[in-house]
Amino acid sequence: MGFDDVSAESLLNMILDEVDDMIIINDSDRSVIWMNRAAQCGMDISVENAVGMKCYELFGATCCCDTCRANHTLGGPHRCGCKFECRNMSGEYTCEPVPYYKDGKLKIVVQHIRAANKNE
């Protein structure tokens, strides 16, 4: 199998699955469309059960954070100050959303989630 036989999506998923930080990808309605293994372990949920859930439901909230930078800005990443505790891991975590816009419309949001004290 050569490099041409590997789709960009498969390659990206393979790489992101090896990242220790949690990565969650949402559509423009905040519904989860993918998450890496670290997020599955940290959130104590399989990707199959998480797909379709709102991202904030994973964090135990009832609505999207008012301070979520994906609501207000182009570009990223931006630390929005959202802090929460994961169900399956101890400690406090922060979310750094990276919104992706196309033709002026929000298409997806990549959430980078890591321990609050990491690299601060």
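None of the values given here were measured: they were computed from a predicted structure.
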Minimum side-chain heavy-atom gap Trp34-Asn13 below 4.5 Å: yes
Met14 and Leu11: side chain to side chain contact (heavy atoms under 4.5 Å, CB included), yes or no, with the steps? CA-CA 5 Å; Met14 185 175 63; Leu11 183 60; 3.5 Å; yes
Can you tell me how far CG of Leu16 sits from CD1 of Ile24, rounded to the nearest 0.5 angstrom? 12.0 Å
When rounded to the nearest 0.5 Å, the distance separating OH of Tyr100 from OG of Ser28 is 12.5 Å
Test item: Asn36 side-chain N/O and Asp20 main-chain N/O as donor-acceptor pair under 3.5 Å: no
So does Val47 get a backbone contact from the side chain of Gln40, meaning a donor-acceptor N/O pair under 3.5 Å? yes
What residue among Gln111, Met43, Arg114 forms side chain to side chain contact (heavy atoms under 4.5 Å, CB included) with Met22? Met43
Which of Asn26, Ile23, Leu58, Ile113 passes side chain to side chain contact (heavy atoms under 4.5 Å, CB included) with Met35? Answer is Leu58
Taking only residues two or more places apart in sequence, or in another chain, which ones meet Ser31 in a side chain to side chain donor-acceptor pair (under 3.5 Å)? Lys54
Ile33: what forms a side chain to side chain contact (heavy atoms under 4.5 Å, CB included) with it, not counting sequence neighbours? Ile25, Asp27, Ile108
Starting from the C-alpha separation in whole Å, work towards a yes-or-no answer on side chain to side chain contact (heavy atoms under 4.5 Å, CB included) for Arg30 and Cys55. CA-CA 6 Å; Arg30 300 295 192 273; Cys55 61; 3.8 Å; yes
Partners meeting salt bridge (charged side-chain N to carboxylate O under 4.0 Å, His left out) with Glu18 (sequence neighbours left out): Arg37
Minimum heavy-atom separation for Val109 and Pro97, please, with both atom names. CG1-CB, 3.8 Å
